[in-house]
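The structure appears right after this line, and notes come after that.
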Amino acid sequence: MLEVSNWIMQNFSHASDAMLIFQDDQLLIMNDLAQNLLDQTDVDTNYLQQLVLTYLKRNSNESDDCFNCAIKNQLSDITIPLTINSDGKEPLSYSLIHRQLSSHENVYSITLKSADARERLDQLSVQHSLIQYINRAHEDERKQISEDLHDSIAQGIFTAIMGISRLVSQQTTASKTDFAQQGDLIQNQLREVLNEVKGMALDLRPSALDDLGLVPALKTLIQRLQENTGIQITFINRLKPDITIPNDIAIVIYRIAQEAMSNAIKHADTDEITLLLLTHDKGVSLEVIDTGKGFDVAKMNQPNGRSLGLLNMNERVKALNGVFTLESKIGEGTSVKVEFPVISAHLEVS
Amino acid sequence: MVDPVQENNYESLVEEIYQMSHYDFVGIALQNSDALGQIKWRYVRGNTSQRYQRIVLRNGLGIAGLVLRTGQPFYDNDLNRKPQDFMYTPITVVEKLTSAAAIPLLSADHQQVTGVLLAGYRHGENVSHETISNLRYYLRRA
């Protein structure tokens, strides 16, 4: 038992949050981190106690017009946001947690959790879900390719092989016209397979993007999407001919166009999409606008498949110093816009 | 590929089937006679949008695609429960059909599939072998 108490004590002293335990006005014990904090900043124990007391007083005041009571009621302990050194060079954000340990002896603890650390954790967790999302998207893409290969290409080739073997077995008996007709049939089948293979290659990575540039690649993508979905896609290209878009940016613009159009096809229930490619003073922008259902942008802040897709787009744009904006209203459609500086020093280096 | 007289027949066939039966959507897709030989929806009734005009059928994908590939009739009652590849939305998705049946249109020598006749419902009505027989009946009379 004594050993266990030792461990608990050890844990307390080296905890990653600053903890202080009081009885009435008297400080009973504090851990190493709390000691450091008191030593290195102008905060003293009195101030912390006062902070808690005023909060308690305010909370017990029933006339308080508390607009965030719903949130407060969910917290079992009192939590107070606190910034130390707010006028100094390095302000530190904490959340102060008051916990009653014994009410009749009036023993309570004050814990200071570093908000910076918590924010980093939040970021880390978003990063984790983003990585998971990307992995899943990769996996889905492979699945799609595998299915296409199997359903479309393999079946097509199989049919052609069957046709040829029939041709071979009938070469002595069949009439010349029958033979020619059968040959035509097989040729047609193989031509279809060829088209499918070309289409799949295009879906994966348009060679036009490397060979001919962004605009022809976008035009090919648009034509394919129109033929596949029947949605009318209007492409307005106002790119100045003398501007050269760095390859990295061209690829991201292409992918954003692809993702935004695919989102519109999946979710917007729209018949029309407009793509706008523009040159500005110091950069280029792409806008993908649909007149579909639209959605509540605020609700997209919880991580789910779709919001992670948007987050992923945003990250890709940010990595190249671009700006990603999303506007949507229920019933009024959605507009995705990306802007990139093109003549900045950073981009000329790469 | 498809002679003009037959094309005329197809137009009135779609009209007739749509008028005489309770299908929510009836359509015929035919191969273009140009070099590309794309297959597109040429005559439709009961459509909810003009999207059908731009769709190019893909061999082996969707009900109509399966009919094209195999030359055999197909039907499906679970259209909206299938996971969808949104990069290709066949007519059943575009027209929000819940069930559909389709039969092949063959060239005069019965050697080549030149098109598809498809009919379907939007509100969960079932299709079956009978639907296929029904479509075949209309096609024979055309």
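Only a predicted model underlies this, so the values are computations on that prediction, with no experimental measurement involved. Order of the sequence lines sets the chain letters (A, B, ...), proteins ahead of strands, with each chain counted from 1.
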Counting only heavy atoms closer than 4.5 Å, note whether A:Asp140 contacts chain B via side chain, backbone, both or neither.
neither
Taking CD in A:Gln223 as the centre, count heavy atoms belonging to other residues, nucleotides or ligands within less than 6.0 Å. Is the count above 12?
no
Would one find more than 12 heavy atoms of other residues, nucleotides or ligands at under 6.0 Å from atom CD of A:Gln170?
yes
Does B:Lys96 form a side chain to side chain contact (heavy atoms under 4.5 Å, CB included) with A:Asp269? I'd like the steps, not just the answer.
CA-CA 11 Å; B:Lys96 300 186 176 68; A:Asp269 194 18; 3.3 Å; yes
Tell me whether A:Glu315 at atom CD has more than 12 heavy atoms from other residues, nucleotides or ligands lying less than 6.0 Å away.
yes
Whatever's closer than 4.5 Å to a heavy atom in chain B on A:Glu196 counts as side chain
CZ on B:Arg58 to CD on A:Glu227, rounded to 0.5 Å
10.0 Å
How far does CD of A:Glu192 sit from CD1 of B:Ile39, to the nearest 0.5 angstrom?
6.0 Å
Under a 4.5 Å heavy-atom criterion, the part of residues 171-182 of chain A in contact with chain B comprises A:Gln181, A:Gln182
Chain A neighbours within residues 41-56 of chain B, where any heavy atom lies under 4.5 Å away:
B:Ser49, B:Arg51, B:Arg54, B:Ile55, B:Val56
